[in-house]
Protein chains: 2
Amino acid sequence: MPNVSIKEVARLADVSIATVSRSINNPEQVTEKTRLKVQDAIAKTGYSPNKLAQNFRRGRTNMVMVVLPSVGDPFFTAVMKGIRAAARNKGYSVVIEETQLNTLTADEIGAMLVSNQTDGIILLASVSPFGTEISSAKSHRQLPIVIGCETISPELADFPSVHIDNIAAAKEATNYLISQGHKRIAMIYGQESSLLTKDRELGYRAAMKQAKLPIADGWVVEGELTIAGARKATRNLMSHNDRPTAIFCANDEMAIGCLHEVKSAGLSVPEDVSVIGFDDIRYAEVTDPPLTTISQPAEEIGERVMYRLCRRIDAGNGTSSAPEIVPHKLVIRQSVAKPAN
Amino acid sequence: MPNVSIKEVARLADVSIATVSRSINNPEQVTEKTRLKVQDAIAKTGYSPNKLAQNFRRGRTNMVMVVLPSVGDPFFTAVMKGIRAAARNKGYSVVIEETQLNTLTADEIGAMLVSNQTDGIILLASVSPFGTEISSAKSHRQLPIVIGCETISPELADFPSVHIDNIAAAKEATNYLISQGHKRIAMIYGQESSLLTKDRELGYRAAMKQAKLPIADGWVVEGELTIAGARKATRNLMSHNDRPTAIFCANDEMAIGCLHEVKSAGLSVPEDVSVIGFDDIRYAEVTDPPLTTISQPAEEIGERVMYRLCRRIDAGNGTSSAPEIVPHKLVIRQSVAKPAN
DNA sequence: TGCGTTATTGTAAACGTTTACAATCGTGCT
DNA sequence: AGCACGATTGTAAACGTTTACAATAACGCA
C-alpha cells in the first residue's frame, strides 16, 4: 500500500504522470473531467505523493530548525508556541535542537542548513562556535537564519532579529526596586556565556550607577539559569555580611528558586527581601508570593521571528535585516515591597 | 558554493561518482590512495552530500516525530529530554507536533508517516482520529509507532508502549490520603478526552471503593490539565457544601493551580486542605508548600520509548509489542497532612 | 609467463517527482 | 471547411544519490 507511485495513478486514470502531477499541484491547468478521473484513481490506489521525492525535486523540505538553550524553560515554550502557530500557518514543520547538553550541535546545525535538511534556522540561543562555522560559508549573509530573544553576537550581527530591549528592561526592573526605596540591590544573572544575561546585567548596573547606588562585592552572582543554581546563589546572598534587601533575577526560573530559598532561610518575601524576575512565565502568577517581573511578549516574538524567517526563505537576502524591537512591560504582583529598614 | 555535487568531486579527483560515493560511505571498499584523492577533492570543493537526495534515494530521513499534548508541560519536557538523548545517540533528529490547538494534526500525522517524511512516530498523546486513520492502512501493525505515557486506546493496542501503571499509581496516591485519615477526597481530572486521565480516575475510584469511602456528587471535576482550569475546578470544590479535606490532582500543573486557589480562598495547605499531585515536575519541590506527588521516571520513559522506536524502524515488525511498564514512586513532601477534624 | 582469483573501479539504471517543450485537441472565426 | 489560436495533454529530461553488475586492475601461484 505505501508503495503506490504516481505511475500507478497515471495508468489507472489513463493519463500521463505529468497530468497527474498537474491535477494535484496545478488543478487549474487541467480539465475538470481529467481532474476527476485522476482524483478517482488516487482514491482507488490510496496514493499519496512521496514527500522525499518532492523535497528532493523541489529542493525544499518545509521544515525549519529552532535552536534553543532548553525546551524545559517555559519562556521558550511560550516563544515556541508563537513559532508553531506561524509555522503551521505557512505550512512548515519545526524541528528542535537544544544547545544544552552537547557542544557537537553547533557543527551539526551548520551542516544541516548547508545540506539543506531544513529550509531555515531560528536561533533562540547564542551558539558560539556557530558564528565561525556560519561566517566561514562564502555567502553567509544570505543564509535563512533569524535570531530571536538573544541579543546578537558580533559575528551574527548581519542576520535579522526580533527581541525586546533587554538593557532597557533590566534598567526598568532595577529602577522599580529603587523607586520602592531599595538601596541594597543584588542581581542573579544567568550564565557567563549567555549574551542575553549580559545585557540584563548591563541594564542593572546602569540603573544602579545612575541612582548612585553602590554594588557590593558578591552581590552579582551566577545562577546558571536554573532553579538549583539560583538557590545556591541566593544562599550566598542571604549570608552576605551586607545582605541585600532586594534581588533582581535575570529570569523567572531563577526567581522561583530564589523565592524558595529566601523562605528556606527563614525570611519572608517581600517583607524581608524583595524579589523581581524576568520573562513572566506562566508560573509567575502562582508563586508564593506572586512574582513581580518583566513581561516579554513571548508568543509574539515567536510569530514574528517565524514570519521573518519565511520572508528570508522566500525573498532571499533582499529583505531587511534590521533588528525588530518588541515592547516589554513591568508586571507588578506581590514579591516586591518597600524595604523594612 | 552550496551547489557542488558529487560529479564535481568526481571530476576533480578523476574518478567516477560511484567511487566518490563509496569513499564516503564505504571507505573499506576503496583503495587508500583514491580515498585520499577523493578526500582532497571534497576539501577543495567544499562538497557536502545533498541530504535531500540521500533521503530520497535511501527512503530514510533520520527524523522521528513526537506527538504530544503541549510542549509547555514540564513533564513532557522531561520525557523529551530522554527522547532527545536517545535520538542523538542513534543519529536521529526530532520534530515535534502538538495536538493541543488544532484537530487537523491527526490527519497530517498520518500523512506524514505514510509519505515517510519521518521514519517513525512517538505518540505521547492520544490523538483519537489518528486511530482510525492509521488502522485504515493495510499493514498498520508494522508502522513504526511507539506509544509513551498514555495508556493505549483499543485501536492502538497493537503498538509497543512504555508507561507506568497509571491505575496503580493513582490508587497509591489516593490510598496515601486515606492512610492519613482523609475520608472526603475529591479529584480533579484532566480532560474528558484523555485516556491517561481516565486511568488515574479509575485508580482513584478503585481506592475509594476499596476503602468504602463515598464519592459525593461534584467531587470529581474536570481541570483541563491547565493551571487556570484547575483553579476553576478548585473554586467549585471549595464552595461545595460537603467540602473535601483532600484533593487528588491528575497532574502537577493542575496541583499548582489547585494549591494557589485553595490559598486564595483563605484556607491553608495542608492544614485545611491536603493536595496531592502527579508527575513530579521540577516545580513540584518549590511550590508552597512543596508538593506531595507521584513521580514518574520521565526521562527514562523518553529514552526507552525512543530506543524501542529505533528497534521497530530497524527490525520492522519482528520486535515485540508488549507494553513496557516502568516503576512510579510516591514522593512525600508537605502538601498532605492529617485532616483537622 | 600465464592463469585464476580477488580487489578495485566504472557504467548505467533507478528512486518518484516536477517541468520545459512539443504535440495534440478543441473552439471560434472567416 | 479551413485556419489560427489557446487550452490541454504527453514526452522526456532532470534533480543527486546509491548500487547491481560489468569491466578492469592487481596479485599470487604454478
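Here the structure is a predicted model, which is why all the values come from computation and not from measurement. Proteins come first, then strands; the chains are lettered A, B, ... in the order of their sequence lines, and each starts at number 1.
The distance between atom CZ of F56(B) and atom P of dA13(C), rounded to the nearest whole Å, is 16 Å. Atom CD1 of I42(A) is separated from atom C1' of dG16(C) by 14 Å (rounded to the nearest Å). Rounded to whole angstrom, the span from the CG atom of L52(B) across to the P atom of dT18(C) amounts to 14 Å. Rounded to a whole Å, the NZ atom of K7(A) is 9 Å from the P atom of dT17(C). Going from atom CD of Q29(A) over to atom P of dT18(C) covers 12 Å, rounded to whole Å. Going from atom CZ of R11(A) over to atom C1' of dT11(D) covers 19 Å, rounded to whole Å. The separation between I17(A) atom CD1 and dC15(C) atom C1' is 12 Å, rounded to whole Å. Rounding to whole angstrom units, CZ of residue R22(B) and C1' of dT18(D) are separated by 10 Å.
Within the 4.5 Å cutoff, the side chain of L12(B) has heavy atoms near those of the K44(B) side chain. Contact of the S70(A) side chain with the F76(A) side chain is not registered, since no non-hydrogen atoms from C-beta on lie closer than 4.5 Å.
We find the CD1-CD1 distance between I42(B) and I24(B) to be 4.0 Å, quoted to the nearest 0.5 Å.
The side chain of T31(A) lies closest to dT8(D), out of dT17(D), dG10(C), dT8(D). Of the candidates dC15(C), dT17(C), dT9(C), the closest approach to any side-chain atom of T19(B) belongs to dT9(C). Among the nucleotides dT17(D), dT19(C), dT17(C), the one closest to the side chain of A53(B) is dT17(D).
Side-chain N/O atoms of N50(A) include none lying less than 4.0 angstrom from OP1 or OP2 on dC15(C). Taking only side-chain nitrogens and oxygens, R57(A) never comes nearer than 4.0 Å to OP1 or OP2 of dG16(C). Phosphate contact (OP1/OP2 of dC15(D), side-chain N/O of S5(B), threshold under 4.0 Å): absent. In terms of phosphate contacts, S16(A) brings no side-chain nitrogen or oxygen within less than 4.0 Å of OP1 or OP2 of dT11(D). Put simply, S21(A) has no side-chain N or O that comes within less than 4.0 Å of OP1 or OP2 on dT17(C). A close approach under 4.0 Å does occur between a side-chain nitrogen or oxygen of Q54(A) and OP1 or OP2 of dT18(C). Phosphate contact (OP1/OP2 of dT17(D), side-chain N/O of N55(B), threshold under 4.0 Å): absent.
Screening R312(B), K90(B), R60(B) for a salt bridge (charged side-chain N to carboxylate O under 4.0 Å, His left out) with D119(B), the sole residue that qualifies is R60(B).
Side chain of N26(B) to backbone of E28(B): no donor-acceptor contact under 3.5 angstrom is found.
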